[in-house]
Amino acid sequence: MLLSAVVVLGVLSSLRFEVPSWPRFLTTGLHRNLALTALVFLALHIVTAVVDPFTHLGWLAAVIPFSSYYRTFWLGLGVIAFELLIAITVTSLVRGVIGHSAWRAIHWLSYGSWPIAVLHGFGTGTDTWSAWMLAIDVVCIAAVVGSVGARLMFTSADPLAADRARFRERVSRKVVK
Amino acid sequence: MTVLSLFAGPPSSAGPESFRDHVKRLGPRPRGNGALIDTLDRSGLVGRGGASFSVGVKWRSVESRSRGAAVVIANGAEGEPLSRKDRTLMSLRPHLVIDGALLASDAVGANRTLLYVGEAHGAAAAAMARALAERPPADRARTTLLGAPPSYVAGEETAAVNFVNSGVAVPQATPPRPFERGVDGRPTLVQNVESLAHAALIARYGDAWFQSLGRHHAAGTILLTVSGAVAKPGVIEVASGCSVDEVLALAGGVSGKARAVLLGGYFGGWISADQAGSMVLDPRGLRAAGGSLGCGVVSVLDETADPLDVSARILQHLANESAAQCGPCFFGLRSLSAATTRIAARHADHGDLPQLHRWTAMVKGRGACRHPDGAVAFLESALKVFEPEFATAAGARGRRAS
Amino acid sequence: MAQTELWIDRTKCDGSRLCAELFPERITLDDWGYPIIAPGPIPGSLMPHAQKAVDSCPVLALALRRVERRPPPSPPGAKAS
């Protein structure tokens, strides 16, 4: 749920969503804070899952995908999503050092980590088919799909993007060093 | 009045001077070293690419940071539409330019010399290529010829550096400036080809000689491109310190009656005809007085021409040539250009003229390079010199019969 | 005491306007949505806001730099006369 909110807020950030009562820094600020909060909950989730006597997971299963005996495939997906999120978080924290392009390239992985996390939830969840869980799932998925749809329809929020690209094309040559 | 220094030697009809003739006439290339930089300081040579900055000081700023791995770029991009002096120089005296570039490399401790020639300047590029091929192997091994894309900002120094580094000729934000970190992160000297040609002669004949060529307190000679309402437009070499009147006389005189003179090209500004005549063309003096000779364009606007129309077209060109990297430049110049064009067409909106003043203040200094500043300075000169025409046109709405 | 000022890489700025939201004391917007940065060093009391503005820029166009006291450029050819 938190993760879905984070993704939606991230999309709203790139779409430069704003209304008079909701300035842009609220969207980006919430996006970051919820992301860090989600990570805390994720850590808790992993710890409780690992120490759960029913699943016999062990710590290795939490970091090596598809290495658990318990629901191997679905758990493995969770590990992958977790590791992607680690990469996204670390690069965001050191954005100033690695530069904008590198940060952006890794951040695109978030569009991959979310569906993987959702599938993980379906596959490993014990309450997957209960009414309330399904309701939450539907809302979250609808929100994310809706916002991604909006994102796909938008070329770029940067008003200079097209002209900049066109000019660069004009003055680009293959320079033999 | 016409003092030949760069263009001394065979006439222009003889085409590019060969290496053999060049060496026969002027002797071999002298050594470039620290002493040369001192000589350049004393000579009063200033850059001829537009900024009129001291050449000696510029070379020293690179030399002091160089550790034998600096880079020299001879800037022959000449993106200014009204200027033809650099391509003319390169097509007639390519070896002077190459000498200057190699001297600079020696003096600043560079191990790479690049000749950045506008690819649209066919004759100049061909002459430089042929000239490079004529040079001894030692020269050829350290020198490369590059084609500059045909755009206004391709000649901007960070754009030239960026082009060598990445193949894209767009300006970059500073700091660091090229003399600090340029090509491959090394201290880089970007110097106009005319400046380098003058340096090549100063290295042979000394600073006192260069000083003696100028008039009054001005030093050396300068290349000018005279165009517009003159009988004989073209590139001429004159003593630094002569007046606009003398220059126009050399160009066969004004054809018709002059209303204004555009000094320095699109990156320069208008001067009214009555003020221009006695104006002294000394790049160093003009810079000290807060003006600029720019790249040496002297273009005469005749009385019968529409100054608003001419100004609007030039501004439109400058707006179109924005690299579209910085919002204030791209959108600011576009807004300024649209409003100026409307005024020139006598279809101005009520707020157009006040907006021009507001936007020029808003755009100045807010781009990564000086392109918007140059455009704004040009427009401000037009607003000043053609103030009555602007006022009338801004008030008129389709009243002028076409 | 070291003084700091805001520096912007105009080629990177894409007009997201987050900086102006977070530091209106020194950053306003022009007619096209791009930041106008008031020149001069930033007083200590405003530094936290300046830092927030720098951190908020999605394209890392803003930076805080130590104020360089640039020596006035010597007039060209000063030695020559």
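Residue numbering restarts at 1 for every chain, and letters A, B, ... go by the order of the sequence lines. For the numbers below, each heavy atom of this structure counts, side chains included, while hydrogens, waters and symmetry mates do not. Since the structure is predicted, the reported quantities are computational estimates derived from the model, not experimental observations.
Under the 4.5 Å side-chain criterion, counting only non-hydrogen atoms from C-beta, C:Asp31 is in contact with B:Arg358.
Between the CH2 atom of C:Trp32 and the CZ atom of B:Arg366 there is a distance of 7.5 Å, given to the nearest 0.5 Å.
Of the candidates B:Cys329, B:Cys326, B:Pro171, B:Cys326 is the only one forming a side-chain contact (heavy atoms from CB on, under 4.5 Å) with C:Thr11.
Remark: B:Arg342 CZ is packed, more than 12 non-hydrogen atoms of other residues, nucleotides or ligands lying under 6.0 Å away.
Among the candidates B:Cys369, B:Gly332, B:Gly56, the residue making the largest number of heavy-atom pairs closer than 4.5 Å to chain C is B:Gly332. Note on B:Gly367, B:Gly327, B:Ala368, B:Ser335: by heavy-atom pairs under 4.5 Å with chain C, the leading option is B:Gly327.
Of all the heavy atoms in C:Arg10 and B:Pro328, the pair that sits closest is NH1-CG, 4.1 Å.
Counting only residues at least two apart or in different chains, salt bridge (Lys or Arg N to Asp or Glu O under 4.0 Å) contacts with residues 157-172 of chain B comprise B:Lys58-B:Glu157, B:Glu157-B:Arg177.
B:Thr174 touches chain C through its backbone: at least one of N, CA, C or O sits under 4.5 Å from a heavy atom, while the side chain does not. For B:Val55, no part lies near chain C; criterion is any non-hydrogen pair under 4.5 Å.
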Could you pull out all donor-acceptor pairs under 3.5 Å where a side-chain atom in residues 18-27 of chain C meets a protein atom, sequence neighbours excluded?
| residue | atom | partner | partner atom | Å |
| --- | --- | --- | --- | --- |
| C:Glu21 | OE1 | A:Arg24 | N | 3.1 |
| C:Glu21 | OE1 | A:Phe25 | N | 2.6 |
| C:Glu21 | OE2 | A:Arg24 | N | 2.8 |
| C:Arg26 | NH1 | C:Pro41 | O | 3.2 |
| C:Arg26 | NH2 | C:Pro41 | O | 3.4 |

